[in-house]
Amino acid sequence: MSSPGSTAPPEGETPQGASPPHSSTPVAWPEELPTTVHLPRSLQIADEDNDDEITQKLRRQGARIGRGTVAPAVFIPALVIILGAALFTVFFPGASSTVFQGAQGWVVANLGWFYMVSIGVFVVFAIVLALSPYGAIRLGRDDDRPEFGLISWFAMLFAAGMGIGLVFYGVAEPLGFTTNNVKPGWTGDGAELSGLAMAQTFIHWGLHPWAAYAVIGLAIAYAIHRRGRPVSIRWALEPIFGERVKGWIGDVIDVLAIVGTVFGIATSLGLGVQQITAGLIAIGLVGQATNWFMIVLIVCITFLATLSVVSGVGVGIKWLSNANLSLAGLLMIAALLFGPTVFIFQNFVESLGIYLANFFNMTLDVGAYQRSEKAQTWFAGNTLFYWGWWIAWSPFVGVFIARISRGRTVRQFIAGVLLVPSLVGMIWFAVWGGNGLFRQWFGAGDLGDITAEESMFRIFDGFPATGLLSVLGIILVAIFFITSSDSGSLVVDMLASGGHPNPPIWSRVVWAVLEGFLAIALLLSGGLESLQAGSLVTALPFCIILLLMCVALVKALGLDHAVLRQHEQMQRLERVTQHISSEFTSTLPENERFESYVDDRIDYRLSRTRGAFSGRGRTEKGAPGGGTGSGSAPTTSE
């Protein structure tokens, strides 16, 4: 990992937590490690720093922060691109829909294989990295310990994994794969496809998306916790680009991250408002879903999200997040108890087996042997849409899980990020999808024509307290809406402010409003299809960045591992040397004549030694050893 512009610690300064050099005991974080592993404390942002001190440290690290505490080279281009796309979509909905659909069709037809291979690479890379010797490296100084307990950390990972998408597709996706959205190439009908449908859903929501999140989250966590860099995507690629990440290359990386994140958030908001509308229709408060009604909903909830982000994500939004998790768990337990409980457990176990048996096949299934337009449409609206959505969403999730993972080792980080959210997502789909499959194929059989946004509320029809559960479902989606926009706006604002942890309030408002505006624009240009197309297209350049992050991580961790191994070996050698020296000197006879004879002659010989290129040796008159041969008389040269 190169860092040509890094500065060494000031002379005499010992970083906190380090022992002085030449200590006989192992040093947890040695002072003499190069700045390619960590930056000096004087450059790192501390919790007690005020905004001005943080800004100065960011500038010393290379962030080009201008007036208003934003980075103009990142803020302005990202704002122009997103605002331009939104305005074009609002004023020319037909043309924008054609552009989005055309771009999506081209990506699916020509680069669908690239998305599929990339996601597969992320899965393999994360698992191999966790099992490698690099897995023991800590995300922070070697004497750091995790900031959060294991249960709290898992709960926050669960919070990151839970979102509008799980609620939106929980029933509809497994059910749709057996009714009106069967994957091309599958044979069988109805209930026969249920196991494959659940396995395909696990592929979309399990290890694969979280492997992408693990790559970017780990790269960011290493940069900010181990290296001491600001919270900015560019620093994750410092091992490849070195000093150039401070220039236009870094600006392009951060702009792409912002654009992808905003489109990913807008996609989630668009899905959420459709589901809220369907819920209001289900409880009889709304007659039909119109674009104008959904626009009003987006405006209202974006306003609440803006208030939240202005408040600084304080106690109120934390309480809402905890309440949201509790509410999601409550609804899932209700679906498990009121639904076909035994079938749900059977569904989970059998689906897990089919998922494991077909893991590699489904991971690399690019539809090469289904050449029809129907097959291309299926991949565009399902697997490839998900891969684009996850990649576009990855900067937000990556920054979130990086921020809460200080003190974890690489192995702990990957295991937690891959396994816990994946397992929670599989259980969620086994419960909700199991309800839908059982009702369709072994019950009333009336769910074949449902849409994704109304599917959860149709399931509530067969439960006690239908109205109450429907209201709780609407509240659940609304809070997901608010927290997603709130947290996403803060992350985007940090990226646009050079990694400042407390970005200006006015820019938080700008990004929160822009996300809502983009969601409205995409809805007007074609609803769900445009949302899917926008997410898939904008994720393409960032997919390349994620692949580069894999290379950067290997370089950074490889150097880190080598440096620490060398330091440990030097410590071991120093301890052995000290031990041998003390043993040898303790056994020397205490004889003054012997010590004087040895010391005088060794000192003399060493002091009179000359190198081959130091000229003819000169010795003092009468001194022994100055001759040309053994026993010859000393010579003088005046």
Side-chain angles (χ1 to χ4, degrees), residues 3-7 35 38-82 216-217 219-262 309 312-313 394-396 398-400 402-403 406 487-512 514 542 545 549 552:
S3 180
S6 300
T7 324
T35 56
H38 75 100
L39 299 179
R41 287 286 194 185
S42 59
L43 287 180
Q44 297 185 32
I45 297 173
D47 294 337
E48 62 273 11
D49 290 342
N50 58 40
D51 287 350
D52 291 337
E53 290 172 337
I54 292 173
T55 302
Q56 292 303 317
K57 287 185 176 181
L58 290 175
R59 285 173 175 161
R60 290 177 62 192
Q61 290 204 38
R64 293 176 293 173
I65 300 176
R67 293 183 178 180
T69 322
V70 297
V74 175
F75 182 90
I76 295 175
L79 182 66
V80 169
I81 292 172
I82 297 170
I216 185 171
I220 296 172
Y222 183 89
I224 65 177
H225 296 317
R226 187 78 169 176
R227 290 276 291 124
R229 287 300 191 185
V231 182
S232 192
I233 305 297
R234 68 176 68 200
W235 298 114
L237 293 175
E238 187 183 12
I240 294 178
F241 296 111
E243 190 80 1
R244 287 172 291 178
V245 296
K246 299 178 182 180
W248 68 269
I249 292 179
D251 296 335
V252 170
I253 293 169
D254 284 342
V255 168
L256 290 175
I258 290 174
V259 172
T261 301
V262 170
V309 77
V313 199
S394 64
F396 161 54
V399 168
F400 173 78
R403 291 291 297 273
R406 183 185 184 96
S487 305
S489 300
L490 187 58
V491 168
V492 167
D493 202 15
M494 291 170 64
L495 296 179
S497 302
H500 202 297
N502 186 30
I505 291 178
W506 67 268
S507 61
R508 300 184 202 181
V509 174
V510 168
W511 294 115
L514 195 57
F542 205 76
I545 291 177
M549 283 185 181

(message) Just to verify, what does T69 make a side-chain hydrogen bond (donor to acceptor under 3.5 Å, both in side chains) with, not counting sequence neighbours?
(response)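 By the side-chain hydrogen bond (donor to acceptor under 3.5 Å, both in side chains) rule, T69 matches no residue at all.
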(request) Just jot down the side-chain hydrogen bond (donor to acceptor under 3.5 Å, both in side chains) partners of S394, sequence neighbours excluded, or say none. (result)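 Listed in chain order: nothing, the list is empty.
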(request) Over all heavy atoms of both residues, which pair between P503 and D493 is shortest? Give the atoms and the distance, please. (result)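 Smallest interatomic distance, heavy atoms only, reads CB-OD2, 3.1 Å.
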(request) Measure across V70 and P504 and return the closest heavy-atom pair with its distance rounded to 0.1 Å. (result)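 Shortest heavy-atom separation between V70 and P504 comes out as CG1-CG, 4.1 Å.
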Euclidean distance, [Y] [atom2] relative to [X] [atom1], rounded to 0.5 Å:
{"X": "M549", "Y": "Y222", "atom1": "CE", "atom2": "OH", "answer": "15.0 Å"}
{"X": "R229", "Y": "I220", "atom1": "CZ", "atom2": "CD1", "answer": "14.5 Å"}
{"X": "L490", "Y": "R508", "atom1": "CG", "atom2": "CZ", "answer": "5.5 Å"}

(request) State which residues pass ring-ring contact (aromatic ring centres under 6.0 Å, His included) with F75; sequence neighbours excluded, sorted by chain then number. (result)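 With neighbours one apart ignored, the set is W506, W511.
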(request) Side-chain contact test, heavy atoms from C-beta onward, threshold under 4.5 Å: evaluate it for L79 versus V510 and give yes or no. (result)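 A side-chain contact under 4.5 Å exists here.
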Among all residues two or more places apart in sequence or in another chain, which pass the side-chain contact (heavy atoms from CB on, under 4.5 Å) test with [X]?
{"X": "E53", "value": "D49, N50"}
{"X": "A71", "value": "V74"}
{"X": "H225", "value": "A221, R406"}
{"X": "P230", "value": "L58, Q61, W235"}

Just distance, no hydrogens or angles: give the donor-acceptor pairs under 3.5 Å from side chains in residues 251-258, sequence neighbours left out.
residue: D251; atom: OD1; partner: R64; partner atom: NH2; Å: 3.2
residue: D251; atom: OD1; partner: R234; partner atom: NH1; Å: 3.4
residue: D251; atom: OD1; partner: R234; partner atom: NH2; Å: 2.7
residue: D251; atom: OD2; partner: R64; partner atom: NH2; Å: 2.1
residue: D254; atom: OD1; partner: S232; partner atom: OG; Å: 3.3
residue: D254; atom: OD1; partner: I233; partner atom: N; Å: 3.3
residue: D254; atom: OD1; partner: R234; partner atom: N; Å: 3.2
residue: D254; atom: OD2; partner: S232; partner atom: OG; Å: 2.8
residue: D254; atom: OD2; partner: R234; partner atom: NE; Å: 2.8
residue: D254; atom: OD2; partner: R234; partner atom: NH2; Å: 3.2

(request) Return the set of residues passing salt bridge (charged side-chain N to carboxylate O under 4.0 Å, His left out) with R403 (not counting sequence neighbours), or none when no residue passes. (result)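 Residues passing salt bridge (charged side-chain N to carboxylate O under 4.0 Å, His left out) with R403: none at all.
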